[in-house]
Amino acid sequence: MEALHAQLGAPAEELERARELCRAALESQRKQRADESAPASGGEGEAGGGDGSDRDRASSPASRAATVKVLGLVAVAVCAFLAGLGVARLTGEPETVTDAKAAVARTPRPEPSWLLVRRMPDDQLWRGRTVQYLLRHRHYDVPVDGTFDARTEEAVKKFQLAWHLTPDGKVGKDTWPLLVVKAGVGDKGDAVMALQALLDNVGEGGTPVTGTFGHETLDDLQHFQKVHGLRPTGVADADTWRCLMAFQEPPMRTSPLYATPGGVPSL
């Protein structure tokens with residue numbers, strides 16, 4: 001019975017219930033056999049006659065058939081009990097396994113932190129350009145030269161004041177969510193150029209920086225989102241911007257700060 005239980009893969013806690021069913025059925029069968037073989041009441045002759053009759057009944061084809069029938073019912077009951085559990089388990093297993101795999105696939109990787117970009121030598125090139133592109137989208141007059149200088153810092157402070165943030169001139173976890181722009185197919189302008197420049201430098205390469213969000217940008221963005229566990233919506237939302245900046249390729253001849261997983265230091 002234990003071998004059958006294991007073969008069917010039934011839950012371990014149900015084994016004892018199966019044993020109880022088996023014991024009860026066997027006990028019932030033993031009582032029936034004891035009743036059939038017990039001496040009949042009466043005299044010796046009757047007892048003798050009864051004993052012979054009982055032996056005849058016990059050894060008769062009908063008695064053997066009844067025994068086989070009882071044992072068969074025991075086996076059927078136990079097998080049906082275990083098989084029901086096993087079949088339920090087996091029929092549910094593919095869904096369980098699939099659900100487990102889907103859960104793993106849906107489980108997001110640890111979210112990267114927003115970068116802290118400020119007026120420092122290490123925050124030039126794509127970092128400075130991204131801030132400048134987004135500031136220009138917000139109608140702040142700054143050049144897009146990748147240099148986070150005093151002019152860019154002043155524009156950041158003005159943006160922070162407009163959004164009731166502390167005007168420290170640093171673009172971090174409070175400023176980025178307000179500075180980035182949700183962009184999708186058909187959008188144009190400096191924010192789209194920032195997005196395309198990040199896609200072009202994220203390691204995939206080949207995204208034209210045109211300022212127009214077309215189907216090529218859509219394909220590249222969806223590919224990036226799939227690779228990094230984001231919903232492949234083809235829309236650059238805050239999570240996509242954060243992830244794009246966290247996985248930039250490190251610029252050549254820069255400080256060791258860039259030699260971290262994802263290519264950039266986090267907050």
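Below, each value reflects all heavy atoms present in this structure, side chains not excepted, and no hydrogens, waters or symmetry copies.
- The CG atom of Asn201 sits 13.5 Å away from the CD atom of Gln196 when rounded to the nearest 0.5 Å.
- At least one donor-acceptor pair closer than 3.5 Å links the side chain of Gln160 to the backbone N or O of Asp168.
- Within the 3.5 Å criterion, the main-chain N or O of Thr212 finds a donor-acceptor partner in the side chain of Thr210.
- Residues Leu125 and Val209 are members of separate hydrophobic clusters, defined by side-chain heavy-atom contacts under 4.5 angstrom among Ile, Leu, Val, Met, Phe, Trp and Tyr.
- Side chains of Trp114 and Val180 form a contact here, defined as non-hydrogen atoms less than 4.5 Å apart.
- Between Gly234 and Leu218 the shortest heavy-atom distance is CA-CD1, 3.5 Å.
- Scanning all heavy atoms of the two residues, the minimum distance from Leu230 to Phe224 falls at CD1-CE2, 4.4 Å.
- The backbone N or O of Thr207 sits nowhere less than 3.5 Å from a side-chain atom of Glu216 that would complete a donor-acceptor pair.
- Contact record, Arg129 with Asp145: CG-C, 4.3 Å, taken as the closest heavy-atom pair.
- Residue Val131 is not grouped with residue Leu161 when hydrophobic side chains (ILVMFWY) are merged at heavy-atom distances under 4.5 angstrom, including chains of intermediate members.
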(request) Apply side chain to side chain contact (heavy atoms under 4.5 Å, CB included) to the pair Asp149 and Thr152, showing each step before the final yes or no. (result) CA-CA 5 Å; Asp149 55 9; Thr152 302; 3.1 Å; yes
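- Side-chain contact check for Asp141 versus Arg151: some heavy-atom pair is nearer than 4.5 Å.
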Less than 3.5 Å apart, which donor and acceptor atoms pair up between the side chains of residues 235-245 and the rest of the protein, not counting sequence neighbours?
unit_1	atom_1	unit_2	atom_2	d
Asp237	OD1	Asp239	N	3.4
Asp237	OD1	Thr240	N	2.9
Asp237	OD1	Thr240	OG1	2.7
Asp239	OD1	Arg242	NH2	2.9
Thr240	OG1	Gln225	NE2	3.2
Trp241	NE1	Val181	O	2.7
Arg242	NE	Pro112	O	3.1
Arg242	NH2	Glu111	OE1	3.1

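- Nearest heavy atoms, Ala155 versus Val142: CB-CG1, 3.6 Å.
- Note: the hydrophobic cluster containing Met193 does not contain Leu135 (ILVMFWY, side chain heavy atoms under 4.5 Å, direct or indirect links).
- The stretch residues 178-190 participates, sequence neighbours left out, in these salt bridge (Lys or Arg N to Asp or Glu O under 4.0 Å) pairs: Arg136-Asp190.
- Linking ILVMFWY side-chain heavy atoms closer than 4.5 Å, directly or via other members, places Val144 and Leu179 in two distinct hydrophobic clusters.
- A donor-acceptor contact shorter than 3.5 Å is absent between the side chain of Glu153 and the backbone of Lys170.
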(request) In sequence, state the C-alpha distance, the side-chain angles, and the governing distance for Asp174 and Trp163, and then conclude on side chain to side chain contact (heavy atoms under 4.5 Å, CB included). (result) CA-CA 10 Å; Asp174 295 327; Trp163 287 91; over 6 Å; no
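- When side chains are defined from C-beta on, Val171 does not count as touching Arg118, because their heavy atoms never get closer than 4.5 Å.
- Residues Tyr140 and Val156 are members of one and the same hydrophobic cluster, defined by side-chain heavy-atom contacts under 4.5 angstrom among Ile, Leu, Val, Met, Phe, Trp and Tyr.
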(request) Could you please spell out the steps behind the ring-ring contact (aromatic ring centres under 6.0 Å, His included) verdict for His137 and Tyr133? (result) CA-CA 6 Å; His137 177 83; Tyr133 272 130; over 10 Å; no
(request) Under the side chain to side chain contact (heavy atoms under 4.5 Å, CB included) rule, what do Gln124 and Phe148 come out as? Steps first, then yes or no, please. (result) CA-CA 6 Å; Gln124 312 302 323; Phe148 198 116; 4.3 Å; yes
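- The two residues Gln248 and Leu198 have their closest heavy-atom pair at NE2-O, 3.0 Å.
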(message) Could you go through Thr217 and Asp220, starting from their C-alpha distance and side-chain angles, then the distance that decides it, and tell me whether this counts as side-chain hydrogen bond (donor to acceptor under 3.5 Å, both in side chains)?
(response) CA-CA 5 Å; Thr217 302; Asp220 291 347; 6.0 Å; no
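- Between Trp176 and Thr130 there is a side-chain heavy-atom pair separated by less than 4.5 Å.
- Panel note: side chain Gln132, backbone Gly146; a donor-acceptor pair is recorded below 3.5 Å.
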